[in-house]
Amino acid sequence: MDTRQAVVNRIVELCKERKITPNALSYRAAVPQSTIKSILNDESLNPGIVTIKKLCDGLEISLSDFFNTDVFCNLEQELT
C-alpha cells in the first residue's frame, strides 16, 4: 500500500467510525466536496498536509491521531 492509499483508507475509516459521509466531513472541515472527492477517488496525487489538518479538525482529532496507526507506522518510503 502506498501513502496516498493509506490516507484514503484512513479518511474512509474515520468517517465510518463517526457515521458521517464524506459530504458531511466536507462541511465540518470547511474543505470543498470536490477536494475530498478528488482525494478519495485517487485523483489527487498528493493530498496536502494543510488539507489533511483541516479534515482532522472536522473529525475532531489531531494530526498525530490521524497518522498514529499501524499502517502509517509500517509504510516504507516510496522511491520515485
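All residue numbers in this chain count up from 1 along the given sequence.
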Open item on the list: Please determine whether the number of non-hydrogen atoms from other residues, nucleotides or ligands lying under 6.0 Å from atom CG of N74 exceeds 12.
Closed with: yes
Heavy-atom pair with the smallest gap, counting every atom of [X] and [Y]:
X	Y	result
S44	P47	OG-N, 3.6 Å
C15	L25	SG-CD2, 3.8 Å
L59	R18	O-NE, 3.0 Å

- [ ] Using the rule that two of Ile, Leu, Val, Met, Phe, Trp, Tyr join whenever any of their side-chain heavy atoms come within less than 4.5 Å, decide whether I39 and Y27 are in one cluster.
- [x] no
Task: Residue that, paired with K53, satisfies side-chain contact (heavy atoms from CB on, under 4.5 Å) out of I49, D57, V50 - done: D57
Task: Derivation of the salt bridge (Lys or Arg N to Asp or Glu O under 4.0 Å) call for E13 and R10 - done: CA-CA 5 Å; E13 173 187 31; R10 185 67 171 140; 2.9 Å; yes
Task: L14 and I61, any side-chain heavy atoms less than 4.5 Å apart - done: yes
Open item on the list: Can you classify the ring geometry of F66 versus F72 as parallel (below 30°), tilted (30 to 60°) or perpendicular (above 60°)?
Closed with: tilted
- [ ] State, without any angle test, whether N23 and S26 hold a side-chain donor-acceptor pair at a distance under 3.5 Å.
- [x] no
TODO: Nearest 0.5 Å please: distance from the CD1 atom of I36 over to the OG1 atom of T51.
DONE: 9.0 Å
- [ ] Quick one: list whatever passes side-chain contact (heavy atoms from CB on, under 4.5 Å) with E43, sequence neighbours left out.
- [x] S38, N41
